[in-house]
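Structure first, commentary second.
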Amino acid sequence: MGEDPPVIREFADNALLPMLYGPHNGHLDRIEKSLGVSLTARGNALTIRGAQARMAEACLVGLYQRLEKGLVVDFAEIDAMLRLVAADATDAPVIMTRKRHIQARSLVQADYIRAMEHHEMVLGLGPAGTGKTYLAVAKAVSMMVAGLVDRIILSRPAVEAGERLGFLPGDLRDKVDPYLRPLYDALHDMLPGDQVAKKMAAGDIEVAPLAFMRGRTLANAFVILDEAQNTTPVQMKMFLTRMGEHSRMVVTGDLSQVDLPPGSRSGLADALEVLGDIPEIKVVRFTDRDVVRHGLVSRIVRAYESRDRLRREQS
């Protein structure tokens, strides 16, 4: 049997091709190595040879369409597009914010974005690097910009391995801000710095430890609880019952990274057990396959999970 005939794909806008191909055709090299195909560029046409030529074509078309929309193409976006093509999900949803347009980079990320669009309460579970918190902040900012919520409230339980806030130097802000820094970083990725500062000063955006939520009713707000595996059941119940009218609530956490004292039950695990049968609450589970940071991060997560699984089997 002979080889499959090559696939030839032409692109209309030559000006976009340098960004599609990458410096020194680096983007094409990455696709070749990932799919085992051969890509030959001539003018505005690409000749694709190999068993997965059609998948490579779909990936390139998806990346080209990103460029047509003014979006960036880099190695991370190429890896994401390869995942989406493999899952036949190249129409992944996009979150629009003032500074960035953020497209789902995996099938589960796409499900997560849609869940936040259609459910008032979403629980996002899974390892670090899967975009749980980042996408939640992006969705919160997009809804605020669209006028669908009045406020954004970002919170974390003030528990961290080896540290208690009371032993850290400085006043309360000095103690709390470093712990909440990942939430600030995500905000600054979505909005210009002056707008973040202005909205925080006006109370439209609030970043605070979980203890600050007690006794409040959070209406017309997008509320995010990050690192929820470090809540106690009492804290989790307190947080979930703060939800008010016309609000969205997203809870994120990784049950493999609980920093509570030994023997303490995680409020996130408890909530999953108690609330599992409520259809209005959507649970989205990420795995190491959804890690969208450096490719090595996914392999690190997988190695730790394999070690922990082996320990459980031996115990």
Item to check | Neighbour count >12 (heavy atoms, 6.0 Å) for atom CD, E120 | outcome: no

Next on the checklist: Would you say CZ of R307 has more than 12 non-hydrogen atoms from neighbouring residues, nucleotides or ligands within 6.0 angstrom?
Outcome noted: yes

Item to check | Distance-only side-chain donor-acceptor flag, D290 / T130, under 3.5 Å | outcome: no

Next on the checklist: Could you go through V223 and M243, starting from their C-alpha distance and side-chain angles, then the distance that decides it, and tell me whether this counts as side chain to side chain contact (heavy atoms under 4.5 Å, CB included)?
Outcome noted: CA-CA 8 Å; V223 190; M243 188 173 192; over 6 Å; no

Checklist entry - Between S155 and A208, is there a donor-acceptor pair closer than 3.5 Å when you use the side chain of the first and the backbone of the second? => result yes

Item to check | Cluster overlap M55 with F75, hydrophobic side-chain contacts below 4.5 Å | outcome: yes

Next on the checklist: Side-chain heavy atoms nearer than 4.5 Å, only ILVMFWY residues, links allowed to pass through others: does that put V72 and Y21 together?
Outcome noted: no

Checklist entry - What heavy-atom pair brings A53 and V7 nearest, and what distance separates the two atoms? => result CB-CG2, 3.8 Å

Checklist entry - Would you say I78 and Y64 are hydrophobically clustered, going by side-chain heavy atoms of ILVMFWY under 4.5 Å? => result yes

Item to check | OG on S34 to CG on D29, rounded to 0.5 Å | outcome: 10.5 Å

Item to check | Close side-chain approach of Q195 to K198, heavy-atom, < 4.5 Å | outcome: no

Next on the checklist: Could you tell me if the side chain of R66 sits less than 4.5 Å from the side chain of M81, heavy atoms only?
Outcome noted: yes

Checklist entry - Looking at side-chain heavy atoms only, is the closest gap between V251 and M236 below 4.5 Å? => result yes

Checklist entry - Is the shortest heavy-atom distance from the side chain of H188 to the side chain of D185 under 4.5 Å? => result no

Checklist entry - Rounded to the nearest 0.5 Å, what separation is found between the NZ atom of K139 and the OH atom of Y112? => result 12.0 Å

Next on the checklist: Nearest 0.5 Å, please: how far is CE in M96 from NZ in K69?
Outcome noted: 8.5 Å

Item to check | M19 side chain near V73 side chain, heavy-atom distance below 4.5 Å | outcome: no

Item to check | Flag, side chain of R151 to backbone of A221, donor-acceptor distance under 3.5 Å | outcome: no

Checklist outcome for this item: Nearest heavy-atom contact between G131 and Q109 is CA-NE2, 4.0 Å

Item to check | Check: L218 and M213 side chains under 4.5 Å, non-hydrogen atoms | outcome: yes

Item to check | Residues E117, R114: salt bridge by 4.0 Å N-O rule | outcome: no

Next on the checklist: For a quick test of reading the model, state the closest non-hydrogen atom pair linking N220 to S247 and the distance between them.
Outcome noted: N-OG, 3.1 Å

Item to check | Any donor-acceptor pair under 3.5 Å from R214 side chain to M238 backbone | outcome: no

Item to check | L63 to E77 - nearest heavy-atom pair and separation | outcome: CD2-O, 3.9 Å

Item to check | Nearest-0.5 Å distance, CD1 of residue I113 to CD1 of residue I95 | outcome: 4.0 Å

Next on the checklist: Evaluate V145 against T97 for side chain to side chain contact (heavy atoms under 4.5 Å, CB included), listing each step before the verdict.
Outcome noted: CA-CA 7 Å; V145 170; T97 69; 6.0 Å; no

Next on the checklist: Between L67 and F11, is there a side-chain heavy-atom distance shorter than 4.5 Å?
Outcome noted: no

Next on the checklist: Could you go through L187 and L154, starting from their C-alpha distance and side-chain angles, then the distance that decides it, and tell me whether this counts as side chain to side chain contact (heavy atoms under 4.5 Å, CB included)?
Outcome noted: CA-CA 10 Å; L187 276 174; L154 311 174; 3.7 Å; yes

N/O donor to acceptor pairs below 3.5 angstrom from side-chain atoms of residues 267-286, sequence neighbours left out:
from: D270; atom 1: OD1; to: R265; atom 2: NE; distance (Å): 3.3
from: E273; atom 1: OE1; to: R265; atom 2: NH2; distance (Å): 3.0

Checklist entry - Do Y184 and Y134 share a hydrophobic cluster, counting only Ile, Leu, Val, Met, Phe, Trp and Tyr and linking them when any side-chain heavy atoms are less than 4.5 Å apart? => result yes

Next on the checklist: Any heavy-atom pair between the side chains of L60 and R9 that's under 4.5 Å?
Outcome noted: no

Item to check | Donor-acceptor pair, side chain of S266 and main chain of Q229, under 3.5 angstrom | outcome: yes

Checklist outcome for this item: So OG1 of T252 and CG of L225: to nearest 0.5 Å the spacing works out to 7.0 Å

Next on the checklist: Please find the pair of heavy atoms, one from R98 and one from P192, that lie closest to each other, and give the distance.
Outcome noted: CB-CD, 4.0 Å

Checklist entry - Distance from F222 atom CZ to D150 atom CG, nearest 0.5 Å? => result 14.0 Å

Checklist entry - Applying the 4.5 Å side-chain criterion to the ILVMFWY set and letting contacts propagate, would V94 and V108 be lumped into a single cluster? => result no

Item to check | D79/R105 ion pair, N-O < 4.0 Å | outcome: no

Checklist outcome for this item: On a heavy-atom basis, the closest approach of V122 and H119 is CG2-CB, 4.0 Å

Next on the checklist: Working note: D259 + E227, criterion side chain to side chain contact (heavy atoms under 4.5 Å, CB included); need CA distance, chi angles, decisive distance, verdict.
Outcome noted: CA-CA 10 Å; D259 294 328; E227 299 286 348; 5.6 Å; no

